[in-house]
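In what follows, a single structure is set out as structure tokens and then discussed.
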Amino acid sequence: MENYQGVAIFGEWTGREIHESTYELLSEGRRLADELKTHLIVLLPGPPEAKEAASELISYGADKVIATLDERLNDFRDDIYARIVAEKIEKYRPEIMLFPATSLGQALAPRVAGLLKLGLTAHCIAFEIRQEDRTLIQVRPSFGEQVMARIISRTRPQMATVRPGVFPHAKKIEGYQGEIEIFRPSEEAFKSSLEVIEKRPKPKTDVDITKAQVIVAGGLGLGSKEHFQKLFDLAELLDGAVGATRPVCHLGWISEDHMIGVSGVSVRPKLYLGFGISGSLHHTVGLQGVETLVAINIDEKAPLMKQADIAVQGDAREILPLLIKKLKKLKSQREND
Amino acid sequence: MRIMCCLKPVPKPGSVKVDPETHTLKREESELVLNPYDRYALEAAVELAEKTNGKVVAVSMAPPNAKDILLEAFAFGADELVLLSDRAFAGADTLATSYTLACAAKKLGPFDLIVCGKVSVDGETAQVGPELAAWLGLPSVTWVKDIKPLNDSLELIRTREFGEEKIKAKPPLVITIEHEANVPRPPSIKRLLKQDEVEVKILSAGDIGAKEEYLGLNGSPTQVIDTFAPEYHGKREIISGPPEEVSERLLSILKERGLI
């Protein structure tokens, strides 16, 4: 295990820029590298135009960027990307390897784990270092319980995917020195039977709930799609966005774009109102960045009620329309003043 | 097309039992249901088999009490049912699980396509599909929400944060299925009536030629060392009373705090 040195992160190129989540990995990766008194490297595969990004990554605290720039990396193809990352890991032998838990990272990291027969922990929300044996302790919600698990891996590098939105964006460090190294993978690595023939962006009208300042979210406690729909009225009055738990997404009350939690997104609004949400950890891991958390629930013992800054005990189905009515009145008063 | 569909029995919400020493799920003591995402995976597999005059082999790595889940899969259209069950499989993390499924795929195959759900609702890792593909040396495409069979390839629509991608893929490959992919059919009455006659093939580690060192808890590089309950701050405000009153009170607090 002594042969493994350094912290590595995966640099995700979106086609135009470096993905936000890479900057979050840079800040946490830098912290871990400092704690282990070692270097931080970024593995960056991408098309030739991703080259500019390499020096940018250094200015955010990377000691080395290992870039593979090739036209054939213009699209994400799982098999090609995984082989390249695996070849880089075999050559540079980092002790820790972090991936973003984006759609790309979640497809890539397990392929790499399978190729190299390595342990991989999904959707981590915190890390600790055990100094005596340089072990990375990986924290994530445990199975279906209201507890967090600390997980370690017997293999090196110790690999994990990291929830986007959990760690802060790295800060630019003026004059930070690092190097860019070009890595040429084997020709074998570029073989694929996949071909990306079209990319279609989402319609622009969709709200990005990860950036909303106010979120009104609903869970099964709202009882029906009809009640759930009223969240959109409240969101409009508060200039916010609608969030949801997984069960209501599965019932078809709302699309998964609005899902907050382990398989959904992390949000960091100033104000979050949770209606009829019991607050399983699988949802609340997405709420770590919330400034003021309000829970509205009939069950005062629901976990979200315990976590809330303001716990409102009552039937979410009754309180939601009342809030809408009162806010409308308040708004018209303000307009008349 | 000959299609393998991986199905994961998960504990019914509220019936989760965890081994206090290994922190792994005690699946044999939990009431099991089919992972909701796998229902869409199964439907996608059955639809594709119908269009291509193929067969669906439903495979599950689970304790013996998962047999009923496979019989359900028969009612939903699976042609062959295989349960991978062996004490040696217990406590597997995703790497050991995907290895076991890969051994089964080699034993039962060759397959043109292997279909998994996008993610399971218990572990929520979404790792087994791509890991399985890597063990088998096959390409993988995750988060697929539409599949169209062409002459010698498949046209797949994959969800991404920015929207979606259209991908042309030549079998064999592994795909994982989104819940938007289809509307699963109800169980077939004809098949329900035949449930007593269908065989669930039970295979052990030896039957699929799996190497002991890659299986179960021993073959799992990741280990849970402990668990802890997240701590919350104590200074919360509690509002209770009739709905009118609590609504009024909530709004005035939010106003005081400058939040609305």
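All chains are named by letter (A, B, ...) in the order of the sequence lines, taking the proteins before the strands, and each is independently numbered beginning at 1. Everything numeric here is computed off the predicted structure, so don't read it as measured data.
Taking L293(A), L322(A), L327(A), L115(A) one by one and counting their heavy-atom pairs under 4.5 Å with chain B, the maximum is reached by L322(A). Annotation: maximal heavy-atom pairing with chain B below 4.5 Å, among L271(A), L238(A), T284(A), occurs at L271(A). The candidate with the highest count of non-hydrogen atom pairs below 4.5 Å against chain B, out of I80(A), I197(A), I319(A), D79(A), is I197(A). If you tally non-hydrogen atom pairs under 4.5 Å between each of L320(A), V196(A), V265(A), I296(A) and chain B, the highest count goes to V196(A). Listed options L108(A), T292(A), L118(A) were ranked by heavy-atom pairs under 4.5 angstrom with chain B; first place goes to L118(A). Among the candidates Q213(A), H123(A), H250(A), the residue making the largest number of heavy-atom pairs closer than 4.5 Å to chain B is H250(A). Interface summary for chain A: among I167(B), T159(B), L138(B), the most heavy-atom pairs under 4.5 angstrom belong to I167(B).
Atom OG of S192(A) and atom NZ of K170(B) lie 10.5 Å apart (nearest 0.5 Å). The CG atom of L132(B) lies 10.0 Å from the CZ atom of R111(A); values are rounded to the nearest 0.5 Å.
Counted within 6.0 Å of CD on E188(A), heavy atoms from surrounding residues, nucleotides or ligands total 12 or fewer; the atom is thus considered open. Within 6.0 Å of NZ on K270(A) lie no more than 12 heavy atoms contributed by other residues, nucleotides or ligands.
Side-chain atoms of E161(B) and L104(A), non-hydrogen and from C-beta on, never get closer than 4.5 Å to each other. Annotation: side chain of E291(A) is not in contact with side chain of L259(B) (no heavy-atom distance under 4.5 Å).
For T14(A), there are no side chain to side chain donor-acceptor pair (under 3.5 Å) partners, not counting sequence neighbours. Here W135(B) pairs with Y99(B), Y214(B) under the ring-ring contact (aromatic ring centres under 6.0 Å, His included) rule; sequence neighbours left out.
In summary, K118(B) and E256(A) engage in a salt bridge, as defined by a charged side-chain N under 4.0 Å from a carboxylate O. By the 4.0 Å N-to-carboxylate-O rule, D93(B) lies too far from R154(A) to be salt-bridged with it. Residues R246(A) and E124(B) are paired through a salt bridge, judged by an N-O separation under 4.0 Å between the basic side chain and the carboxylate.
Contact annotation for P36(B): only side-chain heavy atoms (C-beta onward) come within less than 4.5 Å of a heavy atom of chain A. For I225(B), the parts lying near chain A are the backbone and the side chain together; criterion is any non-hydrogen pair under 4.5 Å. Neither the backbone nor the side chain of R249(B) comes within contact range of chain A; no heavy atom of the residue lies under 4.5 Å from a heavy atom of that chain.
Looking only at distances, no side-chain donor or acceptor of R200(A) sits under 3.5 Å from a matching main-chain atom of K166(B).
For the salt bridge (charged side-chain N to carboxylate O under 4.0 Å, His left out) test with E248(B), the passing option among K326(A), K329(A), K325(A) is K326(A); the others fail.
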